[in-house]
Number of protein chains: 2
Amino acid sequence: MMSSASVSPVEQIAPPVELSKPLSINERQLMTPGPTNVSQRVLKACGLPVVNHMDPQFFKVLRDVSAGIRYVFQTRNQYSLAITGSGTCAMETAICNLLERGDTFLVLSHGLWGERVALIGRKRGYNVVELKIDKLGDVFSLKQIEEAIVEHKPKVLYVCHGDSSVGTLQPMDNIGRVCHQNGCLLLVDAVVSLCSAPLDTDRLDIDVVYCAAQKALSGPPGVSMISLNDNAVRHIKNRRTDVDSYYMDINWLAKAWGLDDDNNHQFVYHYTPAVSLMYGLREALAMVAEEGLSHTVDRHMKSSLIVQKHISSLGLKFLVEKPEHRLPPILSVLIPNDVNGNEVIKHLLDFYNITIAGGLGPTAGKIWRIGFLGVNANDQSVGVLCRALSDAIADQRKKSPKL
Amino acid sequence: MMSSASVSPVEQIAPPVELSKPLSINERQLMTPGPTNVSQRVLKACGLPVVNHMDPQFFKVLRDVSAGIRYVFQTRNQYSLAITGSGTCAMETAICNLLERGDTFLVLSHGLWGERVALIGRKRGYNVVELKIDKLGDVFSLKQIEEAIVEHKPKVLYVCHGDSSVGTLQPMDNIGRVCHQNGCLLLVDAVVSLCSAPLDTDRLDIDVVYCAAQKALSGPPGVSMISLNDNAVRHIKNRRTDVDSYYMDINWLAKAWGLDDDNNHQFVYHYTPAVSLMYGLREALAMVAEEGLSHTVDRHMKSSLIVQKHISSLGLKFLVEKPEHRLPPILSVLIPNDVNGNEVIKHLLDFYNITIAGGLGPTAGKIWRIGFLGVNANDQSVGVLCRALSDAIADQRKKSPKL
């Protein structure tokens, strides 16, 4: 019975029975394009006490994260910060700051991510020109890119460095030069490639690049990173119209991170960030700094070569034919005709607690996508994966022998 | 020296020294308008293993969170889900789904949050009509609201239920009725009021309401909640133009949460959510379900009455004159002339490790904002707060005795 002092009316909706049981989660070995497994050090940081976002202790975390982003992106960009939101939030943030309604936006699509960017661009009212790859698994040549830029004269070119939906790694050399010779800004998606393949932001003349924490950094999902050079910042400051989002407005984000010169490096309230995830990201960045970026990248390549060799030894083929165009930490493997792809995925989960992914859209049912990002890029993890894969495929072939 | 097998170029940017020291955070007693302290149960959940966002274990978490949101919002709304982003992200999500360029948007501003909403509306190209309160600390009368609706014929009315910047609680009775009689949708900001003051979404005919986790729920910052009734969903499905954000598109969000009828309750990939924060939110919602929503609300009111009585006994006044218009969990206290407000804030932090907040904008330097949200709404916490406040003020008066 409610007490007479109660200020609340009688509840019309009863407490849900689903919530009466405590949460329990069985850990998986996440050999997918992400999220990947999160180290104990990062998880422990996520569980540190929450402090106020305007606490000097938290400002120190922001400064550390900024420095870590500059390091992993290999850039001196002042505007280097993290976003409370997924990699897609960073993607949309980049787009809506660089472009205005009616602007021409050239999007290279060698997989799902270009398609998503083109969709966002159309939703926001830009003149989107989407250059689709002729054959999935291929990448664009510099000549194709240059011709498209000259023809369409875009304000911004979008390039996905590593496309996790097909497993391609787009070569990046000279794209920045071609863009700048034609008055175009270069926007690069490095969500899965950063720390797993070489990408030097400054050396490659990239104007804006973004990444997510839950990939090669082994950070928690829900937080992403972005870095903009002076060229991009000047472009944004000179927009004809205001940025049409508040949450994603880079001017506000830079103030909140104490990075805008106008604010003399004061931290200004913008919105309440995911304090716990920023702690986790800080530790994930620290772990790469301790290992050394080059070694982190090399470790991913070493694991990739082991898995590629094993997959070839099983007689399987890759969607991406040329080895130099394969995204090191995520391999797209063609499912052979005599094997039920979903049953292999199920076998890996049931017998080894390993999660791998299938294809998306046009590759659904045709490929497996096998990832070994961050803490999973090591001899032991990929060794277990290789043995499990052999077993799962052999089991399938035993059950339905080739006619 | 780099090995010859290295795929990575020599690093131009060295690992930052800031990251060589491990992260350490001193816990504070957070008696601010939020974030508030997070319980050990919620922090522990945030540290559970990360699984893939398409793992059936995670779909169960999403279903639980949806059920919890329906309970705390007291609604049967199908579209009840959480967002990876702060309360401001939920705010912008609500706005950009309900409105289209050129639409008239009536915003009631009795503090900072109305101003922020008006700013977002202008950025996105709506015809924003901002009704500002005559005197800070007051709330709007139903008559004022009705007259403004009749005059401006808005598509959407925004009302902030509890404004944490000034400490006002806007009465909500009959606003929904007046809106619907005039063909207007009612959008309510319940970021700080939900679970700390009575707010029954369905009974009050609210079309869209949102909240953030780090307030009365004592959840982690960086995740927010939104609930839309059938009226709002129908309105969105019948828009003339596409929603101009992908990240914030409620159609996509509903598919990702298995809530859209078109998808027969399948979970569709939209973006990678903050898996760890969803775990934490699930536990925070479960704790309210266990305590009972009415009791949670009553507990906040009980704490508020204790603090209000103590503040009055110190001879201090409130910005919000009428007790019934005071936001229970966040009290705005006028700083007396004979006391240095910043020194009191510093004293509380230095001697008691208690964080309280100052004013914002027009109230900067004029008020303290004292909060006791979620786990801090209890006799012991507010007892310590009251004693600390007495001490800090007495200390100030001793140092600079009234002339």
Side-chain angles (χ1 to χ4, degrees), chain A residues 6-9 11-13 15-16 18-19 23 25 27-28 30 32 35 38 43 45-52 57 64 67-68 70-71 74 84-86 88-89 92 120 123-124 198 220-222 242 244 246-247 271-272 274-277 279 282-283 285-286 289 293-294 297-298 301 355, chain B residues 6-9 11-13 15-16 18-19 23 25 27-28 30 32 35 38 43 45-52 57 64 67-68 70-71 74 84-86 88-89 92 120 123-124 198 220-222 242 244 246-247 271-272 274-277 279 282-283 285-286 289 293-294 297-298 301 355:
Chain A
S6 171
V7 292
S8 223
E11 295 173 22
Q12 300 285 321
I13 314 283
E18 299 94 308
L19 291 178
L23 180 61
I25 295 288
E27 184 157 13
R28 314 278 197 205
L30 298 173
T32 67
V38 177
L43 285 179
C46 291
L48 285 173
V50 168
V51 294
N52 194 280
Q57 293 188 92
D64 290 357
R70 284 190 195 98
Y71 174 62
Q74 285 290 296
T84 297
S86 76
T88 299
C89 189
E92 191 160 337
I120 294 174
K123 270 176 159 288
R124 298 196 88 96
D242 195 11
D244 65 2
Y246 172 83
Y247 194 73
Y271 61 72
T272 308
V275 172
S276 311
L277 300 187
Y279 294 164
R282 195 260 183 211
E283 292 305 283
L285 289 164
L293 178 62
S294 299
V297 170
D298 290 349
M301 180 52 94
T355 305
Chain B
S6 170
V7 292
S8 222
E11 294 173 22
Q12 301 285 321
I13 314 284
E18 299 94 308
L19 290 178
L23 179 61
I25 296 288
E27 184 156 15
R28 313 279 198 206
L30 298 173
T32 67
V38 177
L43 286 179
C46 291
L48 285 172
V50 168
V51 294
N52 194 280
Q57 293 187 92
D64 289 357
R70 285 190 195 98
Y71 175 61
Q74 285 290 295
T84 296
S86 76
T88 298
C89 188
E92 191 161 337
I120 293 174
K123 270 175 161 288
R124 298 195 89 98
D242 195 10
D244 65 0
Y246 172 82
Y247 195 73
Y271 61 72
T272 308
V275 171
S276 311
L277 300 187
Y279 294 164
R282 194 261 184 212
E283 292 305 281
L285 288 164
L293 177 61
S294 299
V297 170
D298 289 348
M301 180 51 94
T355 305

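Order of the sequence lines sets the chain letters (A, B, ...), proteins ahead of strands, with each chain counted from 1.
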From SG (A:C89) to OH (A:Y247), nearest 0.5 Å: 6.0 Å
Measure B:L30 against the heavy atoms of chain A and call it side chain, backbone, both or neither at under 4.5 Å. side chain
Most heavy-atom pairs under 4.5 angstrom with chain A, which of B:T355, B:L23, B:V275? B:L23
Pick one of side chain, backbone, both or neither for B:T32, based on which atoms fall under 4.5 Å of a heavy atom in chain A. side chain
Are B:D64 and A:P16 side-chain neighbours, meaning at least one heavy-atom pair lies under 4.5 Å? no
Among B:T272, B:I120, B:V38, which residue forms the greatest number of heavy-atom pairs with chain A at distances under 4.5 Å? B:T272
Proximity breakdown for A:L277 and chain B, heavy-atom pairs closer than 4.5 Å: side chain
Looking at chain B, which one of A:P49, A:S86, A:G85 has the largest number of heavy-atom pairs inside 4.5 Å, strictly under? A:S86
With a 4.5 angstrom heavy-atom cut-off, which part of B:E283 approaches chain A: side chain, backbone, both or neither? side chain
Show, in sequence, the C-alpha distance, side-chain angles and deciding distance for A:L48 and B:E27, and conclude whether the side-chain contact (heavy atoms from CB on, under 4.5 Å) test is met. CA-CA 8 Å; A:L48 285 173; B:E27 184 156 15; over 6 Å; no
For the CD atom of B:Q74 and the CG atom of B:L293, what is their distance to the nearest 0.5 Å? 5.5 Å
Closest heavy-atom contact between A:L43 and B:C46? CD2-O, 4.4 Å
Nearest atoms (heavy-atom pairs only) where A:Q57 meets A:V51: NE2-CG1, 3.8 Å
Identify which of A:R282, A:E18, A:R124 forms the greatest number of heavy-atom pairs closer than 4.5 Å to chain B. A:R282
Determine, step by step, whether A:N52 and B:R28 satisfy the side-chain contact (heavy atoms from CB on, under 4.5 Å) criterion, reporting the C-alpha distance in whole Å, the side-chain angles of both residues, the deciding distance to 0.1 Å, and the verdict. CA-CA 8 Å; A:N52 194 280; B:R28 313 279 198 206; over 6 Å; no
For A:E92, is it the side chain, the backbone, both or neither that has a heavy atom under 4.5 Å from a heavy atom of chain B? side chain
Please look at A:L285 and chain B and tell me whether the side chain, the backbone, both or neither of the residue comes under 4.5 angstrom of a heavy atom of that chain. both
